[in-house]
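Naming: A, B, ... by sequence-line order, numbering from 1 per chain. Values reported hereafter were calculated over all heavy atoms of this structure, with side chains retained and with hydrogens, waters and symmetry mates removed.
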Amino acid sequence: MINLKNVYKEFQLDENVAYTALRNVTLTIKEGEFSSIIGPSGSGKSTLMHIIGLLDKASRGQVLVQGKDVKRLNDDELSTLRNEFVGFVFQQFNLINKLTVLENVLVPSIYARKKLKYDPYKKAMYLLERFGIAEKAKSYPNKISGGQQQRVAMARALIMEPKLILADEPTGNLDTKTGDEIMKLLGELNKKEKITVVIVTHEPYIAAKTKKQIRIVDGKIV
Amino acid sequence: MNYITFLIKSALFNFSRNKGRTFLTSLGILIGVMSVVLLTAAGLGLKKYIQTQFESIGTNTLRVIPGTAIRNGQFQGGPSSIGTIRFDEKDLRTLTRIRSLENVAPVFTKNGKASYGKETKFADIYATTSDIFPVLNFTPQYGKLFTRSDSIKSSKIAVIGPKLAENLYGNAKDAVGKNLKFENLNYRIVGVTQSKGGGGFGGPDLDSLIFVPYRSAFSFNPDKKFLTLAVKVKQGQSIPRVKKEITEALLRRYEEDDFSVFEPTEILSALNSIFGTLNIALVAIAAISLVVGGIGIMNIMYVTVTEKIKEIGIRRAIGARKTDILYQFLIESVILSLFGGLLGLILSFIIVFFVQSVFPAYIDLPTVVIALGVSTGIGVIFGVFPAKKAADLTPIDAIRYE
Ligand SMILES: Nc1ncnc2c1ncn2[C@@H]1O[C@H](COP(=O)(O)OP(=O)(O)OP(=O)(O)O)[C@@H](O)[C@H]1O
Ligand SMILES: [Mg+2]
């Protein structure tokens with residue numbers, strides 16, 4: 001489903017100095033996988049995930065999404081893929097504070113260009129119900145707990161019925177128990193709904209809950 | 001929640017959180033729209049005012065004046081415009097012989113002090129004949145108008161306007177039979193005219209005139225000349241043809257550039273074109289404040305974009321296109337500008353409402369439509385650069401921004 005071939009990512013720090021965050025990364029994520037990208041802080045995990053999730057572009061190398069070279073896609077097509085194909089879950093939750101929980105979940109459906117086969121409102125309520133936060137639908141994100149916010153973020157990631165969920169340290173800001181619950185929900189999505197899930201973590205015990213581990217050190221897959 | 005209500009909701013939330021800032025920003029547009037709308041309303045009012053003044057004078061009449069000040073409904077300058085000739089009784093007889101004319105009234109006017117006892121007022125005296133009454137469409141309210149035979153004799157009798165009568169005698173009705181002193185001449189008032197309304201604001205005050213037989217006033221008109229010959233055309237005659245007849249009759253004695261024959265409505269259209277130009281100039285100056293208001297909006301929109309970089313990143317990450325971000329900020333700036341425009345319009349309506357008791361200013365539908373359209377346009381024009389800046393942020397840089 002996703003293929004990276006000899007991908008490099010360089011950040012231009014100033015005119016002459018560039019920092020290479022990813023070196024010669026080649027990897028494949030198959031449909032239906034539940035995998036983790038694990039490595040120490042600063043190793044390039046987030047950078048890699050941003051490239052997989054089409055938020056950022058590789059400096060060199062090839063990125064294929066369902067066989068399509070992303071270099072050939074324009075900004076609108078990339079936006080559409082982020083909208084329909086990928087669902088993001090971030091460490092800092094990244095909800096929009098001025099919108100209610102329910103509205104946050106609905107935002108991707110507002111940007112949808114295709115006609116949805118289902119009522120997004122019903123779908124949103126179903127997801128909130130399923131994640132046990134239905135009674136918070138009218139609350140604002142800064143009025144609910146971190147674990148609840150991460151469930152809202154997951155509901156938002158799922159509203160468009162994506163094929164791929166990318167979660168960057170989804171448990172990083174949560175206590176162990178709440179983190180485990182989030183991991184359990186992600187596992188269920190993979191198992192019951194056959195959604196491909198990739199999580200980023202630096203904690204081996206979290207990575208151990210996934211079926212495949214991709215190790216990265218200093219921007220290189222090891 | 002559909003796309004548009006979602007965008008509007010986002011914008012409104014932002015305003016409710018920054019009420020002071022929102023109000024101050026729209027203040028620029030408010031002031032701009034208000035000055036433009038009020039000036040337009042004043043222009044419309046002036047036009048209407050002039051029109052009613054001329055309507056009360058009556059239709060089917062013509063004026064003959066020395067010089068070429070009015071030609072084809074436009075005022076004219078130049079040396080010939082003032083004119084060197086003055087009409088006399090011979091010209092009066094020439095016009096009286098034209099059969100298509102119902103009335104011919106010679107007019108010599110002078111502004112001076114009118115007094116009764118201790119009361120004194122400045123007023124315009126019309127030294128004329130009884131023909132002036134049908135020409136100007138004046139009828140008596142009290143007493144009577146003087147007659148043709150009074151006109152020929154140099155009788156010291158006068159007909160005055162109701163406002164002047166009230167000012168000098170306390171009550172218009174009481175004026176009849178009383179004495180009136182105009183400068184050094186003494187008259188006996190025989191009638192008071194019906195009110196024509198209007199007056200003030202530099203327009204002719206038709207309710208404060210004094211009419212006297214012209215031969216009684218030769219003491220301030222020693223040359224026995226007239227500045228105007230006012231005529232009423234017989235029913236059913238074509239005005240352009242009568243104009244030509246008068247011109248031909250006078251050309252036997254004068255040159256073409258010595259006099260003009262025109263309808264009072266030509267003054268109306270000439271005045272309208274002058275005030276119209278003046279008003280456009282004033283409105284254009286006021287429009288500068290709209291541009292200043294627009295720059296204020298642009299400024300605040302740049303601030304808003306910077307404050308929301310993270311949010312823009314989140315929206316881009318979950319599928320917003322560049323155009324979605326562009327519209328979001330454009331809608332915000334349009335609402336901001338339209339809000340100012342709407343407030344300006346409401347304030348203008350309130351001000352015009354109070355002004356109307358003294359001046360017939362009014363706001364018409366095109367003004368409302370243009371005011372709202374211009375406010376929207378300013379929101380778009382001055383919002384587009386900040387919105388473009390927001391839309392062009394790369395998703396990853398935006399979402400990483402703290
Ligand atoms: N926009 C950028 N400009 C410059 N350097 C960057 C940029 N983004 C990332 N880097 C650098 O690239 C390296 C990898 O960053 P990345 O965020 O991918 O690490 P990470 O593995 O996710 O770390 P953590 O576990 O702390 O989140 C870091 O050294 C970081 O400083
Ligand atoms: Mg990271």
| field | chain A neighbours within residues 341-352 of chain B, where any heavy atom lies under 4.5 Å away | value | none
| message | Let's test your reading of the structure: which of A:P120, A:P108, A:G53, A:S109 forms the most heavy-atom pairs below 4.5 Å with chain B? | response | A:P108
Check this for me: [X], atom [atom1], are more than 12 non-hydrogen atoms of other residues, nucleotides or ligands nearer than 6.0 Å?
| X | atom1 | value |
| --- | --- | --- |
| A:D218 | CG | no |
| B:F385 | CZ | no |
| B:K310 | NZ | yes |
| B:K389 | NZ | yes |
| B:F353 | CZ | no |
| B:Y327 | OH | no |
| B:F23 | CZ | no |
| A:Y121 | OH | no |

| Close approach to chain B in residues 73-94 of chain A, criterion heavy atom under 4.5 Å | A:D75, A:D76, A:S79, A:T80, A:R82, A:N83, A:F88, A:F90, A:N94
| Can B:R315 and A:I96 be said to form a side-chain contact (heavy atoms from CB on, under 4.5 Å), step by step? | CA-CA 9 Å; B:R315 288 175 188 267; A:I96 298 171; 3.9 Å; yes
| field | Separation between CD of A:E103 and NZ of B:K9, rounded to the nearest 0.5 Å | value | 3.0 Å
| task | Name the region of B:I399, side chain, backbone, both or neither, that has any atom closer than 4.5 Å to a heavy atom of chain A. | result | side chain
| query | What's the shortest heavy-atom distance between B:P395 and A:L55, and which atoms? | reply | CB-CD2, 3.8 Å
| query | Under the side-chain contact (heavy atoms from CB on, under 4.5 Å) criterion, do A:R156 and B:I314 qualify, and how do the steps go? | reply | CA-CA 12 Å; A:R156 180 179 67 184; B:I314 297 170; 3.5 Å; yes
